[in-house]
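Each remark here refers to the structure printed beneath this line.
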Amino acid sequence: RTDAIVRNLKDSNNYTQERKLLKLAKDSGCVGFAIGVESGDEKILGLLNKKLDLRILVKATELVKEAGIPVKYFLMVGVPGQDVESIEKTIEVISRDRPESINVAVVKPLPGSELFDLWLAIKIEERIKKKKPYIFSQDEVLKIWENVKDAKKKGRLVSKDIYEGNNLMIMNLLEKLMFEEEPGLK
């Protein structure tokens, strides 16, 4: 996997092993190095359970470019809790690291995924607050996410009702998700 260097890179001054590996990759015909960065915001990375150290990312990108291999970053927009400040942090990372290309995907949470459970919990909170659309702060989203994770630990999955078909409100939210052009973006 191409992101193994990023995940295993330690903060040190000696990158001999990584340089050898990248030279071998280049000599073997590697034409690109794609990194799933997702976001330049530590809070969003934590919410996505992404174990990426943005301080190491800059060095990894530099090493890959030094080997003559183009770098591509994969990014996500529409993550619950992502706000203007979060997007600005991502732009700062792109400006700092200067990958040769980026790919930006709009998040579409799938039923059964943790991200879907978070999206669903947020939509339920919107209904409870009777505000549509209600824009949650990052801190509110992180609190909702902690509640979702706590419920999952106790065996109560937010999306469980969907599979059993017991909750009309959740079914309506699921239908909205499936036909909403860009869920999570406001």
Side-chain angles (χ1 to χ4, degrees), residues 1-26 28-110 112-119 122 135-146 148-149 177 180-186:
R1 295 200 24 182
T2 57
D3 64 346
I5 289 175
V6 178
R7 283 185 284 128
N8 297 323
L9 193 65
K10 303 296 180 229
D11 198 8
S12 73
N13 293 323
N14 184 4
Y15 298 106
T16 306
Q17 190 67 27
E18 289 80 9
R19 283 186 173 97
K20 286 179 184 177
L21 181 61
L22 289 166
K23 182 180 180 341
L24 182 63
K26 176 69 174 173
S28 298
C30 178
V31 295
F33 198 93
I35 305 171
V37 176
E38 318 314 357
S39 175
D41 186 338
E42 297 284 350
K43 285 186 179 180
I44 295 298
L45 292 174
L47 195 128
L48 294 170
N49 200 25
K50 184 80 177 177
K51 308 284 191 252
L52 177 68
D53 186 333
L54 294 172
R55 294 167 302 174
I56 299 294
L57 175 67
V58 66
K59 186 60 182 179
T61 302
E62 180 184 310
L63 290 170
V64 174
K65 287 177 163 188
E66 184 183 291
I69 303 171
V71 177
K72 179 181 208 169
Y73 283 1
F74 284 91
L75 305 165
M76 298 168 75
V77 294
V79 177
Q82 196 173 45
D83 55 17
V84 173
E85 185 180 326
S86 172
I87 292 170
E88 286 172 353
K89 288 178 182 179
T90 302
I91 292 168
E92 288 171 15
V93 167
I94 295 166
S95 298
R96 175 194 75 192
D97 298 352
R98 316 252 337 131
E100 280 76 10
S101 64
I102 61 171
N103 183 330
V104 181
V106 176
V107 172
K108 193 79 155 177
L110 298 174
S113 69
E114 288 186 348
L115 198 56
F116 180 81
D117 288 342
L118 174 60
W119 177 86
I122 288 171
I135 300 175
F136 290 89
S137 70
Q138 264 194 359
D139 290 336
E140 287 175 306
V141 169
L142 292 172
K143 185 176 187 313
I144 292 168
W145 183 230
E146 288 304 316
V148 168
K149 288 196 297 189
L177 171 67
E180 209 176 84
E181 185 116 354
E182 296 175 355
L185 295 179
K186 307 252 193 250

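The basis for the numbers below is simple: all heavy atoms, side chains too, and nothing from hydrogens, waters or symmetry mates. None of these values were measured; they are calculated from a predicted model.
Within the 4.5 Å cutoff, the side chain of Glu38 has no heavy atoms near those of the Val79 side chain. The shortest side-chain heavy-atom distance between Pro70 and Ser101 does not fall under the 4.5 Å cut-off. In this structure, the side chains of Asp97 and Val37 stay at 4.5 Å or more apart for every pair of heavy atoms. In this structure the side chain of Pro80 reaches within 4.5 angstrom of the side chain of Leu115, judged on heavy atoms.
Separating the CZ atom in Arg96 from the CD atom in Glu62 is a distance of 11.0 Å, to the nearest 0.5 Å. Residue Ile35 holds its CD1 atom at 13.5 Å from CD1 of Ile102, rounded to the nearest 0.5 Å. In this structure, the separation between CD1 on Ile44 and CG on Leu75 is 12.5 Å, given to the nearest 0.5 Å. Considering CD of Gln82 and CD1 of Ile87, their distance stands at 4.5 Å, rounded to 0.5 Å.
Between Leu63 and Glu18, the shortest heavy-atom contact is CD1-CB, 4.2 Å. Looking at every heavy atom in both residues, Ile94 comes nearest to Pro99 through O-CD, 3.5 Å. Closest approach of Leu22 and Ala67 over heavy atoms only: CB-CB, 3.7 Å. The two atoms that bring Leu54 and Glu42 nearest to each other are CD1-OE2, 3.5 Å, heavy atoms only. Taking every heavy atom of both residues into account, Cys30 and Ile69 meet most closely at SG-CG2, 3.9 Å.
Within 6.0 Å of NZ in Lys23 there are 12 or fewer heavy atoms belonging to other residues, nucleotides or ligands.
Using a cutoff of 4.0 Å between basic side-chain nitrogens and carboxylate oxygens, Glu85 and Lys89 are scored as salt-bridged. A salt bridge is defined here as a Lys NZ or Arg NE, NH1 or NH2 lying under 4.0 Å from an Asp or Glu carboxylate O, and Asp41 with Lys43 fails to meet this definition.
A side chain to side chain donor-acceptor pair (under 3.5 Å) with Tyr73 is found for one member of Asn103, Thr61, Thr90 and no other, namely Thr61.
One N or O on the side chain of Lys65 and one on the backbone of Arg98 form a donor-acceptor pair closer than 3.5 Å.
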